[in-house]
Every structure is written in structure tokens, then in C-alpha cells.
Amino acid sequence: MTAGAARGAGAGEGKRKRGGGAGRLLRRASGVLRLTSLRLRLVVVFALVALTAAVSASGIAYWLNRNTVLDRTQNAALKDFRKSLEDTAHTLPLRPRCSELQDAARQMAAGPQNYTVLLIGTDRDGKECAATTDKALLTLQSVPRSLRSAVDQVRPVDENNLAAHHLYWQRKEVGDVPYLVAGAQVIGGGPTGYMMKSLATERQDLTSLGWSLGIATALALVGSALLAQAAATTVLRPVQRLGYAARQLGEGRLDTRLRVTGTDELAELSRTFNRTAERLQQRVEELSAREASSRRFVADMSHELRTPLTAITAVTEVLEEEADSLDPMIAPAVQLVVSETRRLNDLVENLMEVTRFDAGTARLVLDDVDVADQVTACIDARAWLDAVELDADRGIVARLDPRRLDVILANLIGNALKHGGSPVRVSVLTEPGEGPEAREAGEAREAGERAERAERIEAAESAGPAAGAGADAPEAADRADRSGGADGHGGGQLVIRVRDHGPGIPEEVLPHVFDRFYKASASRPRSEGSGLGLSIAQENAQIHGGRISAANHPEGGAVFTLRLPRDASLLAGGEEPGDDRRRDADTGAGREDER
């Protein structure tokens, strides 16, 4: 008789628009692939959630199905083997012959479960006999030692254990084929039986199930990505419209509005944006109206003051000429009237110049200017020759507005003389353009100029004295080359530095030296300057496409650096000489100012 219960001795094993054209598609693809893209993040999050859910569900389903399939097959095989072993034990004698064991083994293996059987018994002569239905597959040596030990073990019989022997099983692989191996000993001295059943069919079924679950997981991942894309499009389209509208608003298009549909949070955000844009537009219009009114007031006031100032200026000139014949008690008052009248006249002219810049009506009148001659003329016109040192080579030609350059120089040099220390040094030099493109253009231009210079030298030498060139032709060509080429001016930048030897500019004042009406010393509100000179100089530099910077020299004193393009016509729309639009000949010329 066999045991009534089956127990596992070593059981078990365990095991992802057409309408926009190619450019739009590329931009859209690059936007999708950006790691900072909200669309990509949404798709990734959706995909990860779907992948986690699908893998978890597939893993659980595979594990449950695997256990179900293996348990069903295993239980059926073990039940059939136990019953066959019991039936065989009843038909066999207590000490069967080897042939009888062999016939019993074949009879057991012929059952519906199709497993291999090994029966081990002792014949009448006391000789052990082993009968197997497949000697190549199942022998006593091929049975795991742990399983044999469990089968041969005799357990004490008590109320918790009703049989001395039990049926034991375990799984093993033979040549990559899984097998179920089971064994039991017949109680009462009968034979010991082992069976081995192939699980290849079950493995194939589980492999097909795994592929099916993997495909289902991949489809779920693709579906989640499509759903995420649709959701991202639904959510991000209003956000993209809002971003585009915000950029338009930032560029000054204050009439930008969003079309609002729906009642969700994004619709409320669009309504808030529209209300904000409307209020901003109203506020800007109010400020623009006030600014325009202020400009008109300053312009009208300046024009209205010019008429009485003209008369007062004429009177003060007469009084100044007669100052020597006036009563000594009256002379100081007359001198005060003369100086204050000049100061008021300069202030009115400055205000008129500022209103031109604010209104955008300031224009350039360009001409080819020899910078060294221009600086010399500016210094000479104001009698500064003894106080200013000039370091400038003749022949540096730039296409600029000479009047506005004179205003810039007068303000910078006058400011250095007034607030700095002597001597004031003015240096003029040129620098190549900035950036790779400018360098390439400069190199190409220099190559062309060298070729033209060689041609001029060759032509001058071949012409000889008849052309008036003589031996000085190469030198003349070289001077023309240094002055900027055949056209008189080249590319790059013109740099003019004005340095004084005074105490310098306080660090807290440097950021404000070009502010309007700014004065370094608040205790001198009645100083000679109006606080507009450096501001006007900066405006004149910017209209040329240049700039002015202020700094302190390491050895002491302040340095103002003016950078202008050598050809302002390339950067600013200027007037040519002879144009009907004329300039005011004396506006702002020669004014000095406070820092």
C-alpha cells in the first residue's frame, strides 16, 4: 500500500500635417525631442506608468498561468503514477522476478500520462532488480540523490503521520528539456517506483503565453504613448498659444489677445492674460500720451524761450562789450547776467537736442572725415590746444556726421578739462571688426586693398615724372592704404580715448555718468553744466551705431572711450551732403557738462 499524501522534497524553479512642410516637421520633431519639453515629459510619464502597469499585470498573469499549468500537469501525473503503482503492487508477488517487474513497468508507462517508469525490487534469490522503460533516460543513477534519500526514508507512524513512506517529486532538466521526477516505495515490502515525465509541451505553452503577454505590453506602451501625445496636444496647444501671445506682447504688440473657449483652468488663464494685456495696453497708452505731452511741452518751451533769449543775448553781448566803461559796482552784476544768459541759452539748446532724440527725428548727415583733423579743429575752435595732447595719425578716414562727432568730442574733452586733471590726452586708433564674419570680411577687404595698392604703385612707377608721382608714388600709395583703402574708409571700428589725470570718477557714480541731469556732487546744483552733455554725447554715439564707456585708469584719472564704426552708413540710415533735410548748424556744438 502507498502513502496517501504527496510532499515536495526539492520542488520548484522561477523565471517593453502635412501643410507645414519639412521645416515645420523638423521644428516639431526637435521640440518633441527636447528633454525640457513638457510634451516629452508627459509622454514619458504616461509611457512609464503604462509600462509599469502592463509589466506588472503581465508578470502576475504569467506567474498565475505558469503555476496553474504546471500544477495541473504535475498533479495529474502524480495521481496517475500513484494509482498505477498501487495497482501494480497488488498484482505482483512479494518477490517478483525481473521479467515481471519489466512487464509491470511497461504496463504503468502505457497509461495516458506518457511517462517513463523505473521499478526496483528484490527477487526470490535476494538479488536486486531494476526494470526501466527507457534505459537512456531513466536509471537509478539519473534520479536525483535528494529524491532517492527522501523515498528511502522511513518516517515514524503516529497520529500526525499515518504512513511510513510518501510520494516525493521534484523538477530537473535533461538536455534543456524540463522533466518531472517522482518516486515512492510500496509499503509492506513492495517495489520502489520512479517515474519521469517531460514538461516540454508545458514549457512551449508558457513560452507562447510569455510572447503574447510581451506583445500585449508593447501594444499597451504604444497606445499609452499615443494617448499621452493626444493628451499633451490637448493640454499644450492652449499653453503654446499663450506662450506665443506672451512673446508678441513682449515685442510690443499690445493689442494681442487670445481666443477663449471653454470653462476650464486654461480658459480662465487665457481670460486672465487678456485682461492683463488690456490693462497693460491702457497703461502704456496713458504713459505714452503723458510722455508725448511732456516732449511737446519741452519742445514748445524751448522754442518759445529762443525768441526772448535771442534778444537777451544781443543785449548781454552789448553789455559785455561795454563792461570796461561800466561802474565797478555794476560790472559784477553785468558779468553774472552775461554768464547766466549763456548758460540758459546752452540749456535751451540741449533741451531741443534731447527732444529730437526722444522723438526719433535726429538724423545723420554723413561725410568722409579725417578724424585727426576733426579732433584738431574741435580743440582749436575752443582754444584748448595748450591743455590737450593729441595722439592721432593723419589719414584715418571715417564716414561719420562731422557735426555730431564734434559735439561728442567737445563734451568729452571739455568734461575732462573741467573735472579732471591736466594734461588731457586724446588718442585715436582703429580696431578690426568683432566676430568671425567681420574678421573674414576684413581679411578679404585687406587682400583686395593690398592688390589695389600694388596696382597703384606699379601704375605710379610706370607713369614716372609725367604723372607727377616720381619717387613718392609708393609712399603715397602706402599712405592711402593706411588711411583705409581706396575709398578713404575701411571696415572695423574707430576708437577715440579721452584720458585726464584727475582723481577719477567714484565707483558709485560710474553707472550714472550718462544719465540726464545727473551730477556727481549734489552740493553743487548751480554748477556751470546742465547735466545733459554726456547724455547727448552718448545719444550721438548710439545714432552712429557706436557707444561711449567710462572707466578709471589704473594709474589715476578717468578714461572715456568712444567706439564708432568707420562707416556709419552700414549701420545707420544717414543723410548725404546736399540732401533737402538739413541740420541745425549750431545745435549742441561745443557744450560741456558735469559728470
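Just so you know, residue 1 is the first one in the sequence shown, and it goes up from there.
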inquiry  = Assess whether a salt bridge exists between Glu539 and Arg516, defined as any Lys/Arg side-chain N lying under 4.0 Å from an Asp/Glu carboxylate O.
reply    = yes
key: Sequence-distant partners of Gln248, side-chain hydrogen bond (donor to acceptor under 3.5 Å, both in side chains), two or more places apart   = Arg253
request  = State which residues pass salt bridge (charged side-chain N to carboxylate O under 4.0 Å, His left out) with Glu286; sequence neighbours excluded, sorted by chain then number.
outcome  = Arg283
request  = Kindly write out the residues that satisfy side chain to side chain contact (heavy atoms under 4.5 Å, CB included) with Ala267, not counting sequence neighbours, or none if the list is empty.
outcome  = Val260, Asp264, Arg271
note = Those residues at least two apart in sequence (or on a different chain) that pass salt bridge (charged side-chain N to carboxylate O under 4.0 Å, His left out) with Lys83 are Asp87
inquiry  = So, using side chain to side chain contact (heavy atoms under 4.5 Å, CB included) as the criterion, who are the partners of Val49 when residues are at least two apart?
reply    = Val45
ask   = Going by distance alone, is a donor N or O of one side chain under 3.5 Å from an acceptor N or O of the other, for Thr272 and Arg275?
value = yes
query = Sequence neighbours excluded, which residues qualify as side chain to side chain contact (heavy atoms under 4.5 Å, CB included) partners of Leu254?
reply = Leu249, Leu280, Gln281, Val284
ask   = What residue pairs, at least two apart or across chains, pass disulfide bond (SG atoms under 2.5 Å apart) with a residue in residues 56-114?
value = Cys98-Cys129
query = Is a side-chain donor or acceptor of Gln538 paired with a backbone partner of Ile548 at a separation under 3.5 angstrom?
reply = yes
message = Tell me every residue that passes side-chain hydrogen bond (donor to acceptor under 3.5 Å, both in side chains) with Gln74, counting only those two or more places apart in sequence or in another chain.
response = Arg171
ask   = Who passes side chain to side chain contact (heavy atoms under 4.5 Å, CB included) against Asn65, sequence neighbours left out?
value = Ala61, Leu209
inquiry  = Restricting to side-chain hydrogen bond (donor to acceptor under 3.5 Å, both in side chains), what partner residues turn up for Arg72, sequence neighbours left out?
reply    = none
request  = Quick one: list whatever passes salt bridge (charged side-chain N to carboxylate O under 4.0 Å, His left out) with Asp80, sequence neighbours left out.
outcome  = none
query = Residues two or more places apart in sequence or in another chain: which of them pass side-chain hydrogen bond (donor to acceptor under 3.5 Å, both in side chains) with Tyr194?
reply = none
